[in-house]
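Heads up, the thing below is written out as structure tokens.
For reference, positions follow the sequence shown, starting with 1.
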Amino acid sequence: LFGYVEDEVVGQHHRIFCREELSKSAEYTEFWSALQRGEFRSGVFERVDISGRFVYLQGTYNPVLDRQGQPVSVLKFSSDITAAKLQALENASRMDAVSTSSCMMELAPDGTILAVNAHMCEALGYDDADLRRGLPTVHKLHGEPLALLSGDGLIVMAFQAMARVGARHPARLGGLL
């Protein structure tokens, strides 16, 4: 996974698997201090392989205690989640790109507006505060049903629905389409 052979890592400090900025940080120092106190740690950890490529691990660091309750070693168990993490980062990047160029609204399943971007506010002719107070009918705009996409219990308004509304109310869209 990391490209090392056993002789290259035994006797080295764990920091060889970390970005230099992390290995010199207070966060990393506290991480090891907690383990030295016998405190368990778990999470998603970004590490670096022998070539400098990022590796993402879902793992646990488990202090092994002696009979007096003092840590004598730390066992790490982990799974490589690099592919899933990189896919999630790519998806987030795509959503950011869509959000900066398209109208987006995030709604709770009951229709409560959770978030809107500036393009949506401009397209609808409302400001963010107006939208958070709620529209008379969230699932319809100017009588036109909206195409809705559902995911993770949230509803995201599709840009294509705005295009249909814009055909009837071009002044409301302010030339965004």
>> Run the side chain to side chain contact (heavy atoms under 4.5 Å, CB included) test on F54 and R19 for me, step by step, so that the C-alpha distance in whole Å, both residues' side-chain angles and the decisive distance to 0.1 Å come before the verdict.
In response: CA-CA 9 Å; F54 292 119; R19 287 180 296 111; 3.3 Å; yes
Heavy-atom neighbours of [X] [atom1] exceed 12 at 6.0 Å:
| X | atom1 | result |
| --- | --- | --- |
| K76 | NZ | yes |
| E21 | CD | yes |
| E20 | CD | no |

Same cluster for [X] and [Y] if Ile/Leu/Val/Met/Phe/Trp/Tyr side chains link at under 4.5 Å?
| X | Y | value |
| --- | --- | --- |
| L57 | L75 | no |
| V9 | V55 | yes |
| Y28 | Y56 | no |

> Got a sec, which residues hit ring pair (Phe, Tyr, Trp, His ring centres under 6.0 Å) with F2, two or more places apart in sequence or on another chain?
Replying inline: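 F2 satisfies ring pair (Phe, Tyr, Trp, His ring centres under 6.0 Å) with F17 once adjacent residues are dropped.
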Pairwise distance [atom1]([X]) to [atom2]([Y]) - rounded to 0.5 angstrom:
| X | Y | atom1 | atom2 | result |
| --- | --- | --- | --- | --- |
| F40 | T60 | CZ | OG1 | 5.0 Å |
| I16 | E8 | CD1 | CD | 8.5 Å |
| N117 | S102 | CG | OG | 8.0 Å |
| L35 | S73 | CG | OG | 11.0 Å |

>> Applying side chain to side chain contact (heavy atoms under 4.5 Å, CB included) to L22 and F31, what does each step give before you reach the verdict?
In response: CA-CA 11 Å; L22 176 62; F31 176 81; over 6 Å; no
> Between H14 and F45, is the ring centre distance below 6.0 Å?
Replying inline: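 No, they do not, as the ring centres are separated by 6.0 Å or more.
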>> As a quick check of understanding, evaluate side chain to side chain contact (heavy atoms under 4.5 Å, CB included) for R47 and C18, giving each step before the final call.
In response: CA-CA 5 Å; R47 299 296 182 240; C18 300; 3.8 Å; yes
>> When you compare the side chain of L86 with that of E90, does any pair of heavy atoms fall below 4.5 Å?
In response: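 A side-chain contact is absent here, since even the closest heavy-atom pair is not under 4.5 Å.
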>> I'd like to know if the side chain of E122 and the backbone of H119 have a donor-acceptor N/O pair within less than 3.5 Å.
In response: no
>> I'd like to know if the side chain of S33 reaches the main chain of T29, judged simply by a donor and an acceptor atom lying under 3.5 Å from each other, with no hydrogens or angles considered.
In response: yes
> Checking side chain to side chain contact (heavy atoms under 4.5 Å, CB included) for the pair Q58/F77: CA distance, chi angles, key distance, verdict?
Replying inline: CA-CA 8 Å; Q58 175 76 48; F77 300 99; over 6 Å; no
>> Using salt bridge (charged side-chain N to carboxylate O under 4.0 Å, His left out), reason through E30 and R37 one step at a time and then give a plain yes or no.
In response: CA-CA 10 Å; E30 174 51 30; R37 291 188 302 268; 2.7 Å; yes
